[in-house]
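Values reported hereafter were calculated over all heavy atoms of this structure, with side chains retained and with hydrogens, waters and symmetry mates removed. The sequence lines fix the lettering, A, B, ..., with proteins before strands; numbering per chain opens at 1.
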Amino acid sequence: MENMRLRFAPSPTGALHIGGVRTALYNYLLARKNGGTFILRIEDTDQTRYVEGAEQYIVEALEWLGITPDEGPGIGGDFGPYRQSERKDIYLKYTQQLIESGHAYYAFDTSEELDVAREKDPTFKYDAMARLRMRNSISMSAEEVEAALDEGIPHVVRLKVPDNETILFEDIVRGEVAFDSSELDDKVLLKADGMPTYHMANVVDDRLMEITHVVRGEEWLSSTAHHVLLYRSLGWEQEMPAFAHLPLILKPAPESYLDKSTIPAMASRMAEEFARKYPEHAGYKAEVFALQTFQDKKNIPANLKEKEKDQAGKAAFKAFLKSALYGKLSKRDGDRLGFPVFPLSWKGATAEDSFTGFREYGFLPEAVLNFLALLGWNPGDEQEMFKLEELVDIFSPERINKSGSRFNIDKAKWFNQQYMIKADDARLARLVRPILEANGQQPSDAFVEGFVSLMKERAVTLPDFWENGYYFFERPRSYEEKMIQKRWQPERSEQFAELVKDMEQLTNFSADEIKAAAERFMEKHELKFGEVLPMLRLAQAGTMKGPAIFEMMELLGQEEAIARLKLGFEAFDNIVQS
RNA sequence: GGCCCGUUCGUCUAGGGGUUAGGACGCCAGGUUUUCAUCCUGGUAGCACGGGUUCGAAUCCCGUACGGGCUACCA
C-alpha cells in the first residue's frame, strides 16, 4: 500500500500504560514495514482529565523504546496541529456540516437530567425512540431551537443514528464485525464546552491526517460502528481507514501468584483498599472473606459470584475483588503485585498516583519491546528474540491474536536477562554506574566494565548487579557461616597462610597466574579444588554465589584480594572455634 | 441486563479435517570435572463442555458454560 499512515493517539491523562505502549509499537511496526509514516496525535479533548506532564512522558517513553514518531507535536509535519485541543475550529466546522445535512442535531438536556433518566431506567439509551421525548432540535420546533440557541442555553450536538440498519465493517484481526444500528445510541459529538468527543475528533482527524490504518485497543471495537456511521455521514466512506482492534493485556491470573506466602498480605491489602474506597462498608469483615476466598484457590471465580442473600458489604466486596483480580491490566496492579506496568516512572500528585517504570526497575528497552511484541502477536515460527529491525521486517497484522493475553512478568524478566547477557559491557556499565553511585561507590569505568562482564549472567534486572555483587566494591559484610563450619579446617590455617604468601609473590596478578599458583599449592599439599576454591570464594565474597573466582580476584587486584584472604582466613578460624 | 468479541499445557503461543498436538516462560531432574548463574539434555502439563456435519473433528456448524470489552457531555 502506498503512503501508509498510522497514528498512535493517546490522551494525556497520566502515565502511558503498557498496553498503550504495545499499541504504539504495533502502529510503529506496521508503518515502518511498509515505508509508511508513524504519527503521534495527542487526544486532549477532555479538559477535566488533562494532566500536566503526561504528553512529555509519552514522548519520552517512546524515545526510550526507540519507536519515535515521524510527525507529531514538537516534531512537526504537514498535517498539524497534532494536539486536538488546537483543532477546535476544525471539529466545529464538520459538526456544523453534519447538522446541516441532517446527520446530527442539537440537544439541550443537561448531564443531570440524563443521570436522572438513567437512574429511573438503567437501560436508558439516547436512541431513536428516546430522542423524541428529550429536549433537542428534533423534538422541538425550529423557533424553540433558535430561541434556545440565541439565549445561549448550553447544549451538545448528537449524531442522529439511523434506525434498523446493519453496520458492517472489516477488522484486520477479527474479520467481519456487524452491529445493528438500533442498538446504537446517539453519541455526543460536540460537548457543551465546545470540545469534540473522542468519536468526532478521531474520525475527523483520521480523515484530515489521511490515516490509512487505525490500530487501537479492543475497547474501541464497540464504538467503531459509530465511527463508520460518521465517515458515511461526512461523505468519507470511500476513504475510511482499515481497522485493527488489538486484544487487551489482562492481569495475571490470581492462581499464579497466590500462595501461602502471599495470601495474607494480599488479603489485608485488598481489605484495606476496599475500606478506603467504600467507607460506607467499613463494618464488613473484608479481610476474613478475602483470606477464605484466596485459600480456596481453585474456586475463586465461583466464590466471587454474587448471591441473593449476600448483605451489602459482602456484595460490594465481591464486586471489588472481582475487578481487582480479573480483567484489564491496570495501573494499580503494578503496586499490588510488585512489577512495573508503565515504561517509565511517573510522579503523580500523591504517592498513590506515583509508579515505578520498567526503566527504573532496571529493564532494558529492547527487552520490554521484545516482550510486548510477543504479547498478542507471533511470527508463526519458533524464534523468540527479535531486534526492533527484525520485528519491522516480519510483523504481520494478520497474525495478531484475537483473545486477550495475561501479563507475565517472569517472561519479561527472562527477556531482560537474555538481553543483558547480550549487551555490550560498556553500555551495561553506563547503566549500572548510577546504581553503584547511589550506594556510595565511585569506581573507574574499567572496573565497572570488568564487573558487569563477570556478573551479567547472574543478574535479571540492573539493580541485581549491586544486590548480588556488592562485594566487588566493599569487603564482605558477613561470611556464610554454615559453609565455613562445614568446609574450614583450622588445622590447615598454616597451609593457607602459605597460599597467601604465594599470592603475594605473583608479579602478574592475572586470573591465569592466580590459578597456576593455586594449582601448585594444591599439588604440594595434596588438596582438591573443592577444598581450596570455596575458601577463596568465601574470603573474597562472603557467599558461595558468584562468578569465576580467579577472574574475580584479578579484578579486585592483588592488594585487595590478598587482604581479603588474610581477613577471611582469620575470621574462619574464629567462626569454627566458637 | 443488552450489544460486540473471544476460549489449545499454570502463562505466552504454533497448529485451521487424518499430527506421538510443536515451541517458549515457569517448575522438576540430570549434565557442563569450585559455587551461583549461564548453557545443554530430559521431564511435568493442554485442545472448556454438549450436540451435530464427516469414514474421521483440537480444527467446520449450533448451543451451553466461562472469560473479556462496551453500555458517559472519558478516552
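- The residue A/Arg399 sits close only to the backbone: its heavy atoms come under 4.0 Å of sugar-phosphate atoms, none of a base.
- Here the side chain of A/Leu221 is nearest to one of B/C73, B/C5, B/C25, namely B/C5.
- With respect to A/Asp109 and A/Arg135, no salt bridge is recorded, no charged nitrogen being found less than 4.0 Å from a carboxylate O.
- With A/Val177 as the partner, the side-chain contact (heavy atoms from CB on, under 4.5 Å) test is satisfied by one option alone out of A/Leu168, A/Asp171, A/Ile167: A/Asp171.
- Remark: A/Asn401 is in phosphate contact with B/A14, judged by side-chain N or O atoms under 4.0 Å from OP1 or OP2.
- Taking atom NZ of A/Lys328 as the reference point, atom P of B/A75 lies 14 Å away to the nearest angstrom.
- Across every strand in view, B/U20 sits unpaired, with no contact that passes the Watson-Crick or G-U test at under 3.5 angstrom.
- Nucleotides B/C4 and B/G10, compared at atom P, are 31 Å apart to the nearest Å.
- Listed candidates were B/U13, B/U38, B/A75. Nearest to the side chain of A/Gln417 is B/U38.
- Positionally, the nearest nucleotide of RNA chain B for A/Gly376 lies more toward the 5' end than for the other of A/Gly376 and A/Ser11.
- Whole-Å rounding puts the A/Lys251 NZ to B/G68 P distance at 10 Å.
- Ring geometry, A/Tyr26 versus A/Phe395: the interplanar angle falls from 30° to 60°, so the pair is classed tilted.
- Figure legend. B/C25 is base-paired to B/G10; pairs are counted as Watson-Crick or G-U wobble with both atom distances under 3.5 Å.
- Pair check for B/U64 finds B/A48; Watson-Crick or G-U wobble, both atom distances under 3.5 Å.
- Applying the 4.0 Å criterion to OP1 and OP2 of B/C74, one finds that A/Lys191 has a side-chain N or O inside that range.
- One can place OH of A/Tyr105 at 11 Å from P of B/C73, the figure rounded to the nearest angstrom.
- Using the Watson-Crick or G-U wobble rule with both distances under 3.5 Å, B/U59 pairs with nothing in any strand shown.
- Separating the CZ atom of A/Phe108 from the P atom of B/C73 is a distance of 16 Å, rounded to the nearest angstrom.
- Among the heavy atoms of the strands lying under 4.0 Å from A/Tyr198 is at least one base atom, whether or not backbone atoms are also near.
- A distance of about 11 Å separates the C1' atoms of B/G26 and B/U44, rounded to the whole Å.
- A/Phe358 and A/Phe371 have tilted rings, their planes meeting at an angle from 30° to 60° on a 0 to 90° scale.
- Ion pairing between A/Asp205 and A/Arg87 holds under the 4.0 Å rule for side-chain N and carboxylate O.
- Side-chain to base pairing of A/Ser222 with B/G69: one donor and one acceptor N or O lie within less than 3.5 Å of each other.
- One N or O donor and one acceptor, one from the side chain of A/Arg537 and one from the base of B/U35, sit under 3.5 Å apart.
- A donor-acceptor contact under 3.5 Å is not formed by the side chain of A/Arg174 with the base of B/C5.
- Counted by atom type alone, A/Tyr126 and A/Asn136 present one or more donor-acceptor pairs between their side chains at under 3.5 Å.
- Residue A/Ser223 is classed as having no contact, given no heavy-atom separation below 4.0 Å to the nucleic acid.
- Between A/His227 and A/His199, the ring planes lie tilted relative to each other; the angle falls in the 30° to 60° range.
- B/G1: Watson-Crick or G-U partner is B/U71, with both key distances under 3.5 Å.
- Rounded to whole Å, the separation between the C1' atoms of B/U53 and B/C61 comes to 7 Å.
- Between the NE2 atom of A/His226 and the C1' atom of B/A72 there is a distance of 12 Å, rounded to whole Å.
- Look at CG on A/Leu168: it is 11 Å from P on B/C5, rounded to the nearest Å.
- Taking atom CD of A/Glu183 as the reference point, atom P of B/C3 lies 6 Å away to the nearest angstrom.
- Here the C1' atom of nucleotide B/G67 and the CG atom of A/Leu329 are 16 Å apart, to the nearest Å.
- Contact annotation: side chain of A/Lys411 to base of B/A24, donor-acceptor pair present below 3.5 Å.
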